[in-house]
Amino acid sequence: MPTAKTKKERNKGDEAKPDMTPMIDVVFQLIIFFIVTLKQDDILSSLEALRPAPDPSATSASAVEPLTILIGEQQNGFFFNGSFMSRPRLTETFRNIAKRDKNSMVIIKCDGKSRHGSLVQCLDMLASVGLTKISVFSM
């Protein structure tokens, strides 16, 4: 008659391996929590970075106001820096600005009733004269 194995002999096999999945999940959740709750001011206040002195010969970018174009529901023109302009006059204005400074910042603001085609026309005018620093906003 075969004898029953003792408890000690039965447990000599492979050791049990703990499941690491829950632990990894908790670690990732903690990382995400700390990233989301960390304030950028806390990081920037503790950094001691030496910044180079500003170039005195460079022009201040904040002194130059960006050009603002408002595109509304009107179909035959645009509002440029607060005054209404037709397409040909606006193209000529862009050309003059591009001759002075190709790095001029242009802000295009579109209201809810503006046509997409008007925005495309404005972008085409800017591209044709070489003005490439453009931001488009929807109001």
Would you say that Phe80 contacts Phe94 through its side chain, given a criterion of any heavy-atom pair below 4.5 Å between the two side chains? yes
Transitive ILVMFWY side-chain link Leu90 to Ile134, under 4.5 Å: yes
Does Asp25 have any side chain to side chain contact (heavy atoms under 4.5 Å, CB included) partners at least two apart in sequence or in another chain, and if so, which? Thr21
Are Phe79 and Met105 linked, directly or through intermediate hydrophobic residues, by side-chain heavy-atom contacts shorter than 4.5 Å (ILVMFWY only)? no
Is the shortest distance from a Lys or Arg side-chain nitrogen in Glu92 or Arg89 to a carboxylate oxygen in the other one below 4.0 Å? no
I'd like to check Leu123 versus Ile108 (side-chain heavy atoms, cut-off strictly below 4.5 Å). Are they in contact? yes
Quick one, Ser104 and Lys133 - any side-chain contact, counting heavy atoms below 4.5 Å? no
Honestly curious: do Ile97 and Val129 fall in one hydrophobic cluster under the side-chain, below-4.5 Å linking rule? yes
If you round to the nearest 0.5 Å, how far is CG of Leu131 from CE of Met125? 11.0 Å
In short, Lys102 meets Gly130 closest at the heavy-atom pair CD-O, 3.7 Å
Membership question, hydrophobic clusters at under 4.5 Å side-chain separation (ILVMFWY): are Phe78 and Val120 in the same one? no
Separation between CD of Gln121 and NE2 of His116, rounded to the nearest 0.5 Å: 10.5 Å
Distance, nearest 0.5 Å, that separates CG of Asp111 from CD1 of Ile71: 9.0 Å
Would a hydrophobic clustering, with Ile, Leu, Val, Met, Phe, Trp and Tyr connected at side-chain separations under 4.5 Å, put Ile69 with Met85? yes
Is the shortest side-chain heavy-atom distance between Val106 and Leu126 below 4.5 Å? yes
